[in-house]
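Here the structure comes first, spelled out in structure tokens, and everything after it is commentary.
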Amino acid sequence: MLSKVYAPGPVEAKWAEAWQKDRLFISEPSPDRKPFVVVIPPPNITGALHIGHALNNTLQDVLVRYARMRGREACWVPGTDHGGIATQNVLEKMLKAEGKTRHDLGREEFLKRTWAWYGECGGTILGQLRKLGCALDLGQENVRFTMDKPRAAGVFEAFRSLWEKSLIYRSERMINWCTRCGTALSDIEVEYEDEKSKLWHIRYPYEDGAGSVTVATSRPETLLGDTAVAVNPEDGRYKGLAGKKLKLPLTGRLIPLVADEGVEKDFGTGAVKVTPAHDPLDFEIGQRHKLEVLRVISYEGRMVNCPAEYEGLSVQAARKAVVEALDAAGLLEKEEHYKHSVSKCSRCLSHIEPLVSEQWFVKMKGLAAPAIEAAEKEKVRFYPSSWKKPFTAWLGNIQDWCISRQIWWGHRIPVWYCRSCSADGLKFDDKGALSRVSFADGARPIVSQDKPSSCGACGGHDLLQDPDVLDTWFSSALWPFSVFGWPEKTKELDYYYPTSVLVTCYDILYLWVARMVMSGLEHMGRPPFEQVYVHGMVRDKHGRKMSKSIGNVIDPLVMMEKYGTDAMRFSLMAQTMGGRDVPFSEEGIIGGRNFVNKLYNAARFIQLYLPEKPGPLKTEPPRELADRWILERYAEALRKSEASMAEYDLPKAQDALYAFVWDEFCDWYLELAKPRLQGPGKEKVLALMLELFSGALKALHPFMPYITEELYASLKPYLERPGDYLLKQRRPEISGTGTGATAEMEELMGMITQLRVARAQFEIPPGKTIKALAASADAAALERLRAGAAYVKLLAKVEELEIGRDLPKPPRAISALSGAFTLYVPMEGAVDLEKEKARLAKELEKARKDGEQALSRLNDPAFTAHAPKAEVEKIKARSEEMSGKISRLTAILEELK
RNA sequence: GCGCGGUUAGCUCAGCGGUAGAGCGCCUCUCUUACACAGAGGAUGCCACAGGUUCAAAUCCUGUACCGCGCACCA
């Protein structure tokens with residue numbers, strides 16, 4: 001006999017290995033079958049997978065397994081992402097522990113280390129996906145990486161093609177600079193956070209001594225880089241003053257007062273200091289008025305190009321020093337408390353400095369337009385659909401994408417400069433390496449993946465590659481087609497593209513999904529997927545983000561170890577409600593574990609009765625009510641489950657099967673089958689039981705692959721059509737609905753429940769059998785009860801059930817109503833009359849209330865005139881039922897007096 | 001400021017026009033030969049608030065409040 005409690009560990013290991021060994025997850029282009037294709041959102045190689053990955057991949061696995069079991073050529077493409085800045089940060093942290101920086105190693109050595117890390121971490125991630133049960137072909141040749149050779153070829157082709165269409169350009173513009181990461185970022189990689197600060201009002205005196213203009217600022221230190229003060233041209237306070245010169249405090253530099261419509265009259269003092277090098281709005285104003293762009297904050301976040309006392313100070317220190325100096329000079333008019341949002345690096349949370357810098361950009365407006373159209377025309381459809389609007393709105397607002405990063409780990413920008421042609425713009429670090437590029441107007445660098453042999457213009461050979469790398473999302477954006485070998489015209493690309501559905505958390509909808517849609521349309525001419533399944537973020541059970549500092553992080557690996565993978569997957573699914581965040585806790589997994597154990601024990605129960613000699617049991621048409629009933633419930637569960645899958649409502653699809661297995665199959669059918677398994681019809685009952693249970697295992701397999709495979713394998717020798725691995729089988733057919741067995745069975749179930757309630761209330765020990773009488777004036781109901789009496793006897797522990805039209809209430813009996821029946825349970829000792837009366841009175845009261853309500857509705861002519869006929873009939877029936885109940889209860893109560 | 005979600009049992013959430021549901025937790029009884037990771041029974045809800053539409057509203061509409069999340073602004 002097997003253990004009472006299921007032990008997932010060894011079972012999971014066994015099947016994970018078997019599935020991989022038998023290459024169960026491979027897919028090949030099969031033109032005769034419709035493909036179902038999913039590309040994995042490639043996890044960054046930054047460490048172990050977290051619970052969000054577990055959710056994301058479980059959802060995909062369910063969809064992929066489900067599709068496969070419905071005969072689709074399902075292909076789920078595995079891979080990992082090099083993760084640019086994120087991964088470089090991990091490596092730099094490791095170096096820091098050794099007391100080193102990446103510059104100590106040098107670029108080449110640093111990259112070597114990072115590749116080694118990829119080997120290690122990539123393997124760990126794949127192992128975790130495998131453990132999670134993912135139906136991914138993890139054969140070495142099949143796993144893609146955003147920086148492997150074929151993907152690098154794709155990146156180059158995308159760059160080249162955009163460059164040739166002039167959609168990629170290099171220019172000096174305002175960008176977000178993370179002083180900690182030491183690189184430019186795109187707008188979307190910046191987060192905003194409210195911060196309490198101050199608004200300083202500072203006087204800027206006129207050159208001619210005629211008073212001063214007061215500006216309000218939250219960043220006084222940037223004053224050192226001011227090249228103007230701006231006011232609104234419509235502002236009466238400054239009428240006619242534009243063009244006058246002001247003396248910039250602390251430096252004495254003369255700057256103009258300009259009139260610009262970008263200035264709000266009503267904000268602050270109506271006058272704004274203009275620092276074109278360090279503020280996006282000021283940059284625009286500067287462009288309009290051809291102001292000098294004076295950089296006073298360096299890439300390291302320190303003050304430069306300013307009076308000696310501030311030179312080299314951090315931004316924070318400079319702020320303090322500037323405010324103090326202004327105060328001392330009597331130029332500080334006032335300080336106000338002020339709340340404003342500051343920009344932070346989404347990766348390291350350091351402050352972002354907006355600054356002007358020369359970078360590579362992709363022109364986005366033209367790329368976004370077709371993507372917006374695709375979403376609007378539902379060529380790309382969102383689940384839940386509420387994501388469509390934010391998606392198109394974001395694309396509609398899109399700015400050019402800064403794609404160059406001043407880091408080392410990533411796809412090097414495939415651009416080369418000729419030292420003799422463009423020497424002016426090239427800057428070198430102290431080791432002689434090209435550190436910054438700034439090329440003159442009209443200079444055309446060479447775009448090439450490998451080092452070109454010579455310069456096309458001058459024939460020179462002294463060629464240097466751009467030092468920067470591409471934003472990691474540049475390669476991710478190509479993922480749905482680069483994984484199939486693009487730009488090569490492979491048969492995989494031809495067969496699998498476009499993919500079917502993309503499953504992702506909403507946090508990378510713009511960062512990644514939008515860019516994939518744009519590049520799919522641009523490079524392939526078609527959107528990369530038909531559907532986008534958007535799920536939420538996994539949070540703790542109170543909705544808080546999981547974080548190390550709160551200590552509420554749930555490690556999926558630990559949970560899988562502790563409760564089993566199926567249990568974790570099940571619970572994760574059960575909590576995932578349409579696109580919103582997923583509350584999750586360890587207690588939640590226990591529910592899943594319990595269900596896995598329930599399945600295991602149901603199988604154990606069936607096995608108890610299986611003949612010793614294995615061999616298929618022949619199924620036969622169902623013979624009695626319970627059989628017809630359970631078949632109907634089974635069909636209904638499968639139907640519901642499939643309908644929910646079609647709407648991508650995975651938790652509901654899972655729940656329909658869960659409820660069937662637990663509440664119907666186990667709680668009722670198995671219980672009813674117990675005596676039948678002792679008698680002569682045993683084999684036939686077993687055969688049906690096996691058919692339904694193995695069918696339920698098939699239907700549940702996408703959700704909980706391990707336990708279902710394990711149990712199915714153990715029952716296989718007894719099945720008529722055993723089949724292979726579950727994944728290679730078809731889902732069970734739906735049949736046997738509409739026999740009316742459900743209503744008939746429910747009548748009996750109701751009676752059983754009534755008897756159980758009576759037993760519980762009058763404390764009849766569960767083991768003790770009772771006598772019962774069931775009286776009814778309804779001849780058909782009596783007939784039905786006679787047919788089903790055995791069920792009542794069995795499940796309500798009734799040893800003698802008397803059924804008849806006019807059965808008198810025995811003395812010392814308790815009474816109950818069930819549908820058309822009045823039930824009496826004779827008691828051995830005295831009946832607690834008060835308790836009985838109270839109980840019946842309560843019932844009576846409820847029946848009266850319901851009856852009155854029904855009657856008043858029926859008496860309302862508006863209701864009978866407007867409501868659908870079926871509804872009126874329903875209320876009529878209820879009213880009749882209640883009046884019957886009332887008279888029966890009244891009679892019983894009368895007798896008790 | 002604009003937008004999107006939410007507000008239902010102690011907790012986490014379903015339900016989205018016809019008499020309020022699940023899981024977990026709680027209470028009572030039971031270790032009955034599948035399962036105590038279980039079974040049987042039970043308690044618990046002005047379905048945020050205010051209006052409206054409708055024969056009928058938790059469900060549709062409008063507004064309010066509160067909570068969350070985006071986006072924009074932020075001198």
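Every chain is numbered from 1 and lettered A, B, ... according to where its sequence line falls, protein lines coming before strand lines. Just so we're clear, the structure is a prediction, and the values are computed from it rather than from any experiment.
Rounded to whole Å, atom P of B/A22 lies 16 Å from atom CD of A/Q575. What separates CG of A/D667 from P of B/U32 is a distance of 17 Å, to the nearest Å. When the C1' atom of B/U12 is taken as reference, atom CD1 of A/I589 falls 14 Å away, rounded to whole Å. The interatomic distance linking A/K835 (NZ) with B/G41 (C1') rounds to 12 Å, in whole Å. Separating the OH atom of A/Y506 from the P atom of B/C71 is a distance of 11 Å, rounded to the nearest angstrom. Note: CG (A/D581) to C1' (B/U12) measures 13 Å, nearest angstrom. One atom, CZ of A/F605, and another, C1' of B/U32, lie 13 Å apart when rounded to the nearest Å. Here B/G1 presents its P atom at 19 Å from CG of A/N397, a figure rounded to the nearest Å.
A cation-pi contact links A/R515 to A/W401, judged by a cut-off of 6.0 Å to the six-membered ring centre and 45° from its axis.
Under the 30°/60° scheme for interplanar angles, the aromatic rings of A/F391 and A/F382 are found to be tilted. Relative orientation of the A/F570 and A/Y658 rings is tilted, given thresholds of 30° and 60° on the angle between their planes. Between A/F595 and A/W662, the two ring planes are parallel [angle under 30°; tilted spans 30° to 60°].
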RNA chain B base-pair string [pairs: Watson-Crick or G-U under 3.5 Å; |: paired with another strand]: ((((((((.[[[[.)..(..]]]].(((((.......))))).....[[[[[..)....]]]]])))))))....

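Side-chain contact annotation: A/K273 with A/T275, donor-acceptor N/O pair under 3.5 Å present.
Closest approach to the A/N597 side chain among B/C73, B/C37, B/U19 is made by B/C37 (side chain taken as heavy atoms from C-beta onward). Comparing B/G39, B/A43, B/C74 against the side chain of A/Y192 picks out B/C74 as the nearest. Of the candidate nucleotides B/U19, B/A38, B/G70, B/A38 has the atom lying nearest to any side-chain atom of A/N594. The side chain of A/Y609 has B/A34 as its nearest neighbour among B/A34, B/A40, B/G70.
Distance check on atom P: B/A22 versus B/A43 gives 12 Å, rounded to whole Å. Rounded to a whole angstrom, the distance from the C1' atom of B/A36 to that of B/U28 is 16 Å. Rounded to a whole angstrom, the distance from the C1' atom of B/U59 to that of B/U19 is 15 Å.
For the pair A/K545/A/M537, a side-chain contact is recorded, criterion being any heavy-atom separation below 4.5 Å from C-beta on.
Residues A/K674 and A/P583 each lie close to RNA chain B; by heavy-atom proximity, the contact nearer the 5' end of the strand is made by A/P583.
No hydrogens or angles were tested; on distance alone, a donor-acceptor pair under 3.5 Å links the side chain of A/K598 to the base of B/C35.
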Nucleic acid footprint by protein, nucleotides 52-62 of chain B - heavy-atom cut-off 4.0 Å, B for base, S for sugar-phosphate alone: ---B-------

A/R839/A/E836 under salt bridge (charged side-chain N to carboxylate O under 4.0 Å, His left out): CA gap, chis, key distance, verdict: CA-CA 5 Å; A/R839 192 173 73 97; A/E836 174 73 343; 3.3 Å; yes

